[in-house]
Amino acid sequence: MPSFTVFKGSKDGNPVKSTTTRPDELKGDQVFMKITASGLCGTDLHYKTADMALGHEGVGVVEDVGPDVKDLKKGDRVGWGYEHDCCSRCQECLKGNETYCPSRAMYGYADLDQGSFGTHAVWREAFLFRIPDGLTDEAAAPLQCGGATVWNALRAYNAQPTETVGVMGVGGLGHLAIQFAAKMGCRVVVLSGSDSKKDEATRLGAHEFLATKGQKELKMSSPKLNRLLVTTSAMPQWDLVLPLMAPGATIHPLAVDEGNLEIPYMPLLLGGLSIQGSVVAPRHLHNEMLQFAALHQIAPVVETFPMSEAGIKEAMDKLEKGQVHFRAVLKN
């Protein structure tokens, strides 16, 4: 069987170059592709000490296809994200919610022999997404998870263009959420610790910016928030944030750290607020997200690194220290 390079986690947390194999003959709707770019996501840091291939924001070029592949051909540009497979038969799959399939194959839990950190990959056509011509490989890569995560919070839960959407945090997820919400026609209010990212948030589409550090009360000129996307890993300071929420508003914790989510009872009850869990977008919304990004020229702000042990280590170290400017992308 032919082999190709993957980069795996290790006990000391440093990426290690390894190999895995592809079948001599592809089966079913398997697609073999050459990886051109991969985003680096905060989730990848959780697995850096695991004996598994890393990366789940991949973009590549099709090199070979199995006998049941219907639409893709050699030379096509495709991407893939967090989910690799599902049963296609359960109620969730039939409703288009395959990200909640009991048999879902997700990064970190299945297909541990390959990821998007490497030279090649083999995935099912059913879980690959065509990259629109309007997106470069390095722009498309972080959209495969980061973009799909914030898009799902907006689209799967019926965000309307008349809403005021709050985005807490101007980082890898937050800077994409600002762009998507603004281009959807929403009024966007950004909450960040300091004013240091105000100009950039405004350039990305924010209509109002609130610096929260050291404040005892926040005042908005906008209508109250109908929706809040929490893209920071730190728990929000709820006594500052909840007074900004409109009755019936929804809070989406997208990047909250491990541990318990704690929130005061009374503001939640008296305001009729909802807390909505959310993962990455199912496939129909993922495709929609890529088309929307290409049409509206939405792209992540990226720093690029070489796809090598040293390049991956540098990118992961910078991300862990909070020194990456929005998104890191590894390039072959």
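- You'll find the side chain of F7 reaches within 4.5 Å of the side chain of M307, heavy atoms only.
- Within the 3.5 Å criterion, the main-chain N or O of F180 finds no donor-acceptor partner in the side chain of W151.
- Ring centers of H56 and Y82: under 6.0 Å apart, within the cut-off.
- Checking E200 against H325 by side-chain atom types alone, a donor-acceptor pair falls below 3.5 Å.
- Counting only distance, with no hydrogens or angles, the side chain of N332 and the backbone of G118 share a donor-acceptor pair below 3.5 Å.
- Within a 6.0 Å radius of NZ in K219, other residues, nucleotides and ligands contribute 12 heavy atoms or fewer.
- Using modelled atom types, no side-chain atom of R124 and backbone atom of D29 make a donor-acceptor pair closer than 3.5 Å.
- Within the 3.5 Å criterion, the main-chain N or O of L45 finds no donor-acceptor partner in the side chain of E320.
- Residues K17 and T5 have side chains in contact (heavy-atom distance under 4.5 Å, counting atoms from C-beta outward).
- With hydrogens and angles disregarded, a donor-acceptor distance shorter than 3.5 Å links the side chain of Q30 to the backbone of K27.
- Between L210 and L244 there is a side-chain heavy-atom pair separated by less than 4.5 Å.
- Counting only distance, with no hydrogens or angles, the side chain of Q114 and the backbone of A121 share no donor-acceptor pair below 3.5 Å.
- Taking the six-membered ring where the residue is Trp, H120 and F32 present parallel rings, their angle staying beneath 30° rather than reaching 60°.
- Between Y157 and H252, the ring planes lie tilted relative to each other; the angle falls in the 30° to 60° range.
- At least one donor-acceptor pair under 3.5 Å links the side chain of K224 to the backbone N or O of P243.
- Side chain of T232 to main chain of A234: a donor-acceptor pair is present (N/O by atom type, distance under 3.5 Å, no hydrogens or angles).
- Side chains of E262 and W238: no donor on one and acceptor on the other come within 3.5 Å.
- Using a 4.0 Å cut-off between a side-chain N of Lys or Arg and a carboxylate O of Asp or Glu, E125 and K70 do not qualify as a salt bridge.
- You'll find the side chain of D113 stays beyond 4.5 Å of the side chain of V6, heavy atoms only.
- The closest donor-acceptor contact from the side chain of S116 to the backbone of S38 lies at 3.5 Å or more, if one exists at all.
- In this structure, the side chain of R130 does not engage the main chain of D76 through any donor-acceptor pair within 3.5 Å.
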